[in-house]
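Below: one structure, written as structure tokens.
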Amino acid sequence: MTEKTTGASYAAAGVDIEAGDRAVELMKEWVKKTQRPEVLGGLGGFAGLFDASVLKRYERPLLASATDGVGTKVDIARQLGVYDTIGHDLVAMVMDDIVVCGAEPLFMTDYICVGKVHPERVAAIVKGIAEGCVLAGCALVGGETAEHPGLLGPDDFDVAGAGTGVVEYDRLLGADRIRTGDAVIAMASSGLHSNGYSLVRHVLFERAKMSLESHVEELGRTLGEELLEPTKIYSLDCMALTRTAEVHAYSHITGGGLAANLARVIPDHLHATVDRSTWTPGAVFDLVGKAGQVEQLELEKTLNMGVGMMAVVPQESVDVALTALADRGVDAWVAGEILDRGDHTEGATMTGSYAS
């Protein structure tokens, strides 16, 4: 008698459709919390719908878009089994890029890739994304969860997202508005944010042999808690500041560090200087530097050094700007100024030494 063979199936190949459906059901309540009045339909359609008639109130609306991920920080979340904060990082990376040009964040979509769908885990990730969208003032209109068995381990995952915003043409912020004598205002970061984790992980885990469960006295908490601190989302703060004071430009401090990101919004004929003595970077930056014997310039071109966003404003707007940010609970200070280019070849440089 010939033995009957079992035909191949999607499940046998490692893809669990029922688990994916369960994940969608669990995330619906969190997505609903992000809805703006312009959003049509619910989760589960093939495309997210956003009522573009909102753009009619603009004379010449410009759509701003951005896409990003959170890099190897996801591995910290995986190791700790904490999945409901990494979404804050994703929203910050996308929406704080959009707000830099003065745009209002409108909506966002996400992409979650996993080795195996654990419905509660996927829902926790989406919960964090939804909470981040609320903090950014945008809607989460849809996304995709993809299961990639064989390419990713059962507990491995990655996240990415894309967002859209809108700004009036004559209110577009950027290099064209910056003038000699403008002040550079720094806004404090919440920690490492979501950049430089390949260096951080190499230094702290491979070289210093530290563990995520280790309590680090200078941090006042475990290393894992510090490394998983969510990225601060500045979108609503920047929008409020733009309504309150004259702002010429913003710079989101991400990969590449403070000087390189600030230089991206400085016109060719001008130069920005940032005085290190105006602030003291958090303890985690010193920890990484000492544990890996990382040179200061290498740290500064990799990590944010305690500054997550910068605003360039005219001198007469400084007091109003600082007061507005303080009223919103944002730690901010004047960190530099805009000068004529002179002999400088770079768009922005750091000067002085960090305050002790």
Side-chain angles (χ1 to χ4, degrees), residues 92 96 99-100 102 135 173-174 177-193 195-196 218-220 229-254 256-266 270-286 288-289 296-297 299-339 346-356:
D96 283 346
V99 81
V100 160
L135 293 174
L173 303 182
R177 292 179 178 263
I178 296 178
R179 301 289 182 267
T180 302
D182 283 354
V184 178
I185 292 178
M187 303 179 212
S189 68
S190 55
L192 294 171
H193 284 185
N195 299 104
E218 51 264 51
L219 299 178
E229 178 69 34
T231 304
K232 181 171 175 57
I233 298 173
Y234 300 93
S235 302
L236 293 182
D237 300 318
C238 290
M239 289 174 60
L241 179 58
T242 304
R243 291 192 298 267
T244 304
E246 182 179 352
V247 177
H248 289 166
Y250 288 113
S251 177
H252 186 197
I253 311 304
T254 57
L258 198 155
N261 280 284
L262 181 57
R264 292 166 67 180
V265 299
I266 305 300
L270 297 178
H271 173 77
T273 61
V274 177
D275 185 355
R276 299 184 184 94
S277 70
T278 59
W279 82 96
T280 304
V284 68
F285 301 100
D286 189 52
V288 174
Q296 178 174 289
L297 292 180
L299 276 180
E300 290 179 345
K301 73 178 185 181
T302 307
L303 307 178
N304 67 59
M305 301 308 293
V307 177
M309 182 72 76
M310 305 196 89
V312 180
V313 306
Q315 287 290 342
E316 58 268 25
S317 294
V318 167
D319 290 343
V320 173
L322 291 177
T323 298
L325 290 170
D327 288 345
R328 294 186 59 84
V330 179
D331 183 14
W333 63 95
V334 175
E337 61 180 332
I338 304 298
L339 307 171
E346 306 90 352
T349 55
M350 309 277 284
T351 64
S353 300
Y354 292 112
S356 57

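Source: prediction; values computed, not measured.
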So, for [X] and [Y], which heavy atoms are closest and what is the spacing to 0.1 Å?
{"X": "V307", "Y": "A186", "result": "CG1-CB, 3.8 Å"}
{"X": "D96", "Y": "S235", "result": "OD1-OG, 2.8 Å"}
{"X": "A272", "Y": "L262", "result": "CB-CD2, 3.7 Å"}
{"X": "V99", "Y": "C238", "result": "CG2-CB, 3.9 Å"}
{"X": "T244", "Y": "A324", "result": "CG2-CB, 3.9 Å"}

Handout entry: Aromatic plane relationship, W279 with W333 - under 30° parallel, 30 to 60° tilted, over 60° perpendicular
Key = tilted
Exam field: side chain [X] to backbone [Y], donor-acceptor pair closer than 3.5 Å:
{"X": "S317", "Y": "A245", "answer": "no"}
{"X": "N195", "Y": "L303", "answer": "no"}
{"X": "N304", "Y": "L192", "answer": "yes"}
{"X": "D182", "Y": "R179", "answer": "yes"}
{"X": "S190", "Y": "P230", "answer": "yes"}
{"X": "H248", "Y": "R177", "answer": "yes"}

Could you tell me the separation between the [atom1] atom of [X] and the [atom2] atom of [Y], rounded to the nearest 0.5 Å?
{"X": "L270", "Y": "E337", "atom1": "CG", "atom2": "CD", "result": "11.5 Å"}
{"X": "L241", "Y": "D327", "atom1": "CG", "atom2": "CG", "result": "11.0 Å"}
{"X": "T231", "Y": "H252", "atom1": "OG1", "atom2": "NE2", "result": "7.5 Å"}
{"X": "H193", "Y": "K232", "atom1": "NE2", "atom2": "NZ", "result": "8.0 Å"}
{"X": "S277", "Y": "D275", "atom1": "OG", "atom2": "CG", "result": "3.0 Å"}
{"X": "H271", "Y": "I338", "atom1": "NE2", "atom2": "CD1", "result": "8.5 Å"}

Would you indicate whether the side-chain heavy atoms of [Y] and [X] approach each other to under 4.5 Å?
{"X": "V274", "Y": "M305", "value": "no"}
{"X": "I266", "Y": "I178", "value": "yes"}
{"X": "L236", "Y": "L135", "value": "no"}

Exercise for the section: Would you please test M350 and Q296 for side-chain contact (heavy atoms from CB on, under 4.5 Å) and show each step? Expected result: CA-CA 11 Å; M350 309 277 284; Q296 178 174 289; over 6 Å; no
Problem - Check against side-chain contact (heavy atoms from CB on, under 4.5 Å), D237 and M309 - result: CA-CA 10 Å; D237 300 318; M309 182 72 76; over 6 Å; no
Handout entry: Residues T242, Y250; criterion side-chain contact (heavy atoms from CB on, under 4.5 Å); working and verdict
Key = CA-CA 10 Å; T242 304; Y250 288 113; 3.0 Å; yes
Exercise for the section: Please lay out, stage by stage, how L173 and V100 fare under the test side-chain contact (heavy atoms from CB on, under 4.5 Å). Expected result: CA-CA 7 Å; L173 303 182; V100 160; over 6 Å; no
Fill in the blank from the handout: Only one of N261, I185, I253, V265 passes side chain to side chain contact (heavy atoms under 4.5 Å, CB included) with M310, and that residue is I253
Problem - Neighbour count >12 (heavy atoms, 6.0 Å) for atom CZ, R264 - result: no
